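I have placed the structure first, in the form of structure tokens, so that the comments after it can refer back to it.
For the single chain, residues carry numbers from 1 onward in sequence order. In this text, all values refer to a predicted model and were calculated from it rather than measured experimentally.
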Amino acid sequence: MNAEPITPTFFFAVSWRKAAAIRRELNKRSIPRMITSLPSGEVAFLFPDLPVHLYVRVRQIFGMHGVPLSIVEPTPIVQE
């Protein structure tokens with residue numbers, strides 16, 4: 001994965017159990033993201049603004065729409 005910094009605009013929170021499989025799917029498609037752990041014990045996948053075709057792929061992988069970062073409290077980000 002490219003190590004260029006990104007400015008996240010939305011995220012998905014998943015259990016640790018699902019995180020490895022999702023990470024592999026994102027790697028296959030070279031989709032830019034950052035990963036961090038949340039205080040709730042979940043893993044957050046954070047994404048920058050994506051072109052529509054990439055967002056559709058991400059939504060298919062997670063099975064839902066992402067949560068905009070503007071409606072949640074800031075969380076420390078540890079880049080993968």
Side-chain angles (χ1 to χ4, degrees):
M1 189 176 136
N2 194 343
E4 291 180 30
I6 66 169
T7 302
T9 59
F10 67 97
F11 77 100
F12 295 88
V14 297
S15 68
W16 280 94
R17 180 181 301 254
K18 294 179 181 180
I22 289 171
R23 184 174 177 262
R24 282 191 296 273
E25 288 299 315
L26 295 170
N27 283 345
K28 285 182 198 175
R29 292 162 176 79
S30 300
I31 297 173
R33 82 285 182 180
M34 294 188 307
I35 301 173
T36 189
S37 59
L38 298 173
S40 65
E42 293 179 303
V43 177
F45 287 82
L46 299 102
F47 296 89
D49 281 333
L50 295 174
V52 173
H53 73 281
L54 283 182
Y55 181 77
V56 169
R57 288 184 186 164
V58 169
R59 194 183 70 202
Q60 289 171 341
I61 291 168
F62 285 92
M64 60 186 157
H65 287 286
V67 178
L69 282 173
S70 61
I71 65 168
V72 296
E73 291 185 29
T75 301
I77 296 171
V78 178
Q79 189 165 358
E80 174 185 65

(message) Once you measure the plane-to-plane angle for F62 and F47, does it fall in the parallel (<30°), tilted (30-60°) or perpendicular (>60°) bin?
(response) perpendicular
(request) Would you give the length of the straight line joining atom CZ of R59 to atom CZ of F12, rounded to the nearest 0.5 angstrom? (result) 9.0 Å
(request) Examine V56 and L54 and state if one hydrophobic cluster contains both, with Ile, Leu, Val, Met, Phe, Trp and Tyr joined whenever side-chain heavy atoms are less than 4.5 Å apart. (result) no
(request) Working to the nearest 0.5 Å, report the span between CZ of R57 and CD of E25. (result) 11.5 Å
(message) If I compare all heavy atoms of L38 with all of A13, which pair ends up nearest, and what's the gap?
(response) CD1-CB, 3.8 Å
(request) Classify the ring geometry between F10 and Y55 as parallel (under 30°), tilted (30 to 60°) or perpendicular (over 60°). (result) perpendicular
(message) Rounded at 0.5 Å granularity, tell me how far OG1 in T7 sits from CE in M34.
(response) 8.0 Å
(message) Return the CD to OG distance between E42 and S37, rounded to the nearest 0.5 Å.
(response) 11.0 Å
(request) With rounding to the nearest 0.5 Å, note down the distance linking CD1 in I22 to CD1 in I31. (result) 11.5 Å
(request) Over all heavy atoms of both residues, which pair between P32 and P48 is shortest? Give the atoms and the distance, please. (result) O-CD, 3.6 Å
(message) Could you go through R29 and I61, starting from their C-alpha distance and side-chain angles, then the distance that decides it, and tell me whether this counts as side-chain contact (heavy atoms from CB on, under 4.5 Å)?
(response) CA-CA 11 Å; R29 292 162 176 79; I61 291 168; 4.0 Å; yes
(request) Report the distance from atom CG of D49 to atom OG1 of T9, rounding to the nearest 0.5 Å. (result) 4.0 Å
